[in-house]
Amino acid sequence: DARLRVGPAKLFSDGSIGGRTARMRKPYVDQPDNVGLWMQDPDEMKRQVRKAHSAGFQVGIHAIGDAAIDLILDAYEDAQTADPRPDPRHRIEHCSIVDLDTIDRIARLGVIPIPGTSFLYYFRDAYVQNLGMERIRHTYGMRSFADRGVIAAASTDAPVVPPSAMIGIQTMMTRADIAGETVWVDEGVSLDEALRAYTVNGAYASFEETSKGTIAPGMIGDIAVFETNLDAVQRHEIGSVRVDHTIIGGTVIYSR
């Protein structure tokens with residue numbers, strides 16, 4: 001119905017940065033034999049992607065390490081070459097460790113990254129400790145995605161981290177963690193761009209841009225009313241702004 005539907009085929013390609021199990025091109029710091037793991041054989045992953053793609057599914061795959069993202073992009077490109085479909089919008093859930101060449105390839109293939117920007121807020125230290133600062137240069141790089149025409153839709157990945165979209169918005173803008181330590185601040189975006197990642201871009205990522213994501217005639221009318229004007233709030237305080245009302249389909253379903 002209007003609130004529940006079958007979404008993408010979901011697969012997992014690798015693990016996490018914190019557990020040093022995300023599949024990397026190069027080893028983790030101080031572990032020369034550890035490049036993370038595959039959740040399943042890469043050829044089997046490609047077979048499953050091809051099967052889901054040919055059945056008409058959008059595909060969304062958990063991929064955090066750069067090697068895992070390479071594999072997923074290979075799988076999506078192979079599937080589309082073998083069985084062309086208009087605008088499949090396959091997704092990469094998290095899409096964490098990327099460089100500019102990878103972002104350019106994502107743009108060329110029309111793939112949708114779903115960055116968990118709150119990860120930097122809660123886990124920045126683990127990312128730096130396990131990979132070093134240079135390798136996370138474009139991690140959750142909303143500025144680089146936008147500059148290259150990539151539509152990136154933000155997520156929280158609850159319950160791994162709390163489900164507050166406001167923390168995600170704050171982190172996209174400040175690139176600062178819970179202690180105020182920053183990481184590659186030039187990847188920060190404006191308030192409007194951060195809000196679009198959770199609204200317009202989120203709707204696009206789920207093929208719902210004709211009914212959700214904006215407030216306009218003919219749209220469903222899902223609205224969050226904040227306690228204050230977000231433009232008047234300091235960037236580092238956005239995460240603490242509360243929601244006064246939540247409206248779904250034009251009906252108020254929550255009031256603080």
Side-chain angles (χ1 to χ4, degrees), residues 1-10 56-62 76 85-95 103 106-107 109-119 140-158 161-173 187-231 233 235 238-239 241-256:
D1 59 21
R3 297 189 187 178
L4 180 65
R5 65 186 182 87
V6 176
K10 177 68 182 293
F57 278 94
Q58 184 188 33
V59 183
I61 303 180
H62 167 114
Y76 288 161
R85 279 175 46 194
D87 194 22
R89 295 190 202 177
H90 295 320
R91 298 164 41 152
I92 302 178
E93 311 303 315
H94 311 311
C95 197
I103 295 175
I106 288 170
L109 296 178
V111 171
I112 310 296
I114 315 291
T117 52
S118 298
F119 284 168
Y140 311 122
M142 301 300 282
R143 176 80 278 135
S144 291
F145 283 138
D147 287 349
R148 284 160 175 76
V150 174
I151 298 175
S155 70
T156 60
D157 201 42
V161 297
S164 170
M166 303 310 294
I167 290 295
I169 290 169
Q170 175 178 301
T171 309
M172 278 189 270
M173 296 170 66
E187 287 291 353
V189 295
S190 68
L191 174 61
D192 285 348
E193 289 171 312
L195 288 169
R196 286 182 66 88
Y198 272 107
T199 55
V200 176
N201 295 2
Y204 182 85
S206 57
F207 290 94
E208 296 178 294
E209 69 270 23
T210 60
S211 62
K212 296 180 180 179
T214 57
I215 303 171
M219 294 299 199
I220 287 174
D222 293 347
I223 301 170
V225 181
F226 298 108
E227 64 177 331
T228 188
N229 176 12
L230 296 183
D231 284 315
V233 178
R235 287 186 166 207
I238 288 283
V241 172
R242 296 173 296 182
V243 173
D244 275 351
H245 306 284
T246 302
I247 303 170
I248 295 181
T251 300
V252 177
I253 55 94
Y254 166 79
S255 289
R256 181 170 62 83

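All values below come from the heavy atoms of this structure, side chains included, with hydrogens, waters and symmetry mates left out.
Classified by interplanar angle (parallel below 30°, tilted 30° to 60°, perpendicular above 60°), the ring pair His94/Phe119 is tilted.
Atom CD1 of Ile167 and atom OG1 of Thr156 lie 11.5 Å apart (nearest 0.5 Å). Rounding to the nearest 0.5 Å places OG1 of Thr171 at 11.5 Å from CE of Met142. Distance CD1/Ile248 to CD1/Ile223: 11.0 Å, rounded to 0.5 Å. Within the model, atoms CG of Asp222 and NZ of Lys212 stand 6.0 Å from one another, a figure rounded to the nearest 0.5 Å. In this structure, Thr214 OG1 and Arg196 CZ are separated by 9.0 Å, a value rounded to the nearest 0.5 Å. In this structure, Tyr254 OH and Asp244 CG are separated by 8.0 Å, a value rounded to the nearest 0.5 Å.
Formation of a donor-acceptor pair under 3.5 Å by the Arg89 side chain with backbone atoms of Tyr204 is found in this model. Of the possible donor and acceptor atoms, none in the side chain of Glu187 sits under 3.5 Å from a partner among the backbone N and O of Tyr140. Of the possible donor and acceptor atoms, none in the side chain of Thr251 sits under 3.5 Å from a partner among the backbone N and O of Ile253. Put simply, the side chain of Tyr76 gets close to the backbone of Arg91: a donor and an acceptor are under 3.5 Å apart. Using a distance-only test at 3.5 Å, with no hydrogens or angles considered, no donor-acceptor pair links the side chain of Arg235 to the main chain of Leu191. His90 contributes a side-chain N or O that, together with a main-chain N or O of Val59, makes up a donor-acceptor pair within less than 3.5 Å.
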Derivation and outcome, side chain to side chain donor-acceptor pair (under 3.5 Å), residues Ser190 and Glu193: CA-CA 5 Å; Ser190 68; Glu193 289 171 312; 3.1 Å; yes
Full working for side-chain contact (heavy atoms from CB on, under 4.5 Å) between Ile169 and Leu230: CA-CA 11 Å; Ile169 290 169; Leu230 296 183; 5.8 Å; no
Criterion side-chain contact (heavy atoms from CB on, under 4.5 Å) on Ile106 and Cys95, from CA distance to verdict: CA-CA 10 Å; Ile106 288 170; Cys95 197; 3.7 Å; yes
Step-by-step side-chain contact (heavy atoms from CB on, under 4.5 Å) determination, Arg256 to Val243: CA-CA 7 Å; Arg256 181 170 62 83; Val243 173; over 6 Å; no
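Between Lys10 and Glu93 no salt bridge is recorded (no basic side-chain N to carboxylate O distance below 4.0 Å).
Here the closest non-hydrogen pair linking Phe57 and Gly7 is CD2-O, 3.9 Å. Taking all atoms of both residues into account, the shortest heavy-atom contact from Ala152 to Asn201 is O-ND2, 3.0 Å. Nearest heavy atom pair, residue Arg5 against residue Ser206, reads NH2-O, 2.7 Å. Nearest heavy atoms, Ala158 versus Pro163: CB-CB, 3.7 Å. Among all heavy-atom pairs drawn from Met173 and Ile238, the shortest one is SD-CG1, 4.3 Å. Taking both residues in full, the closest heavy atoms of Gly168 and Tyr198 are given as CA-OH, 3.6 Å, listed atom of the first, atom of the second, then distance.
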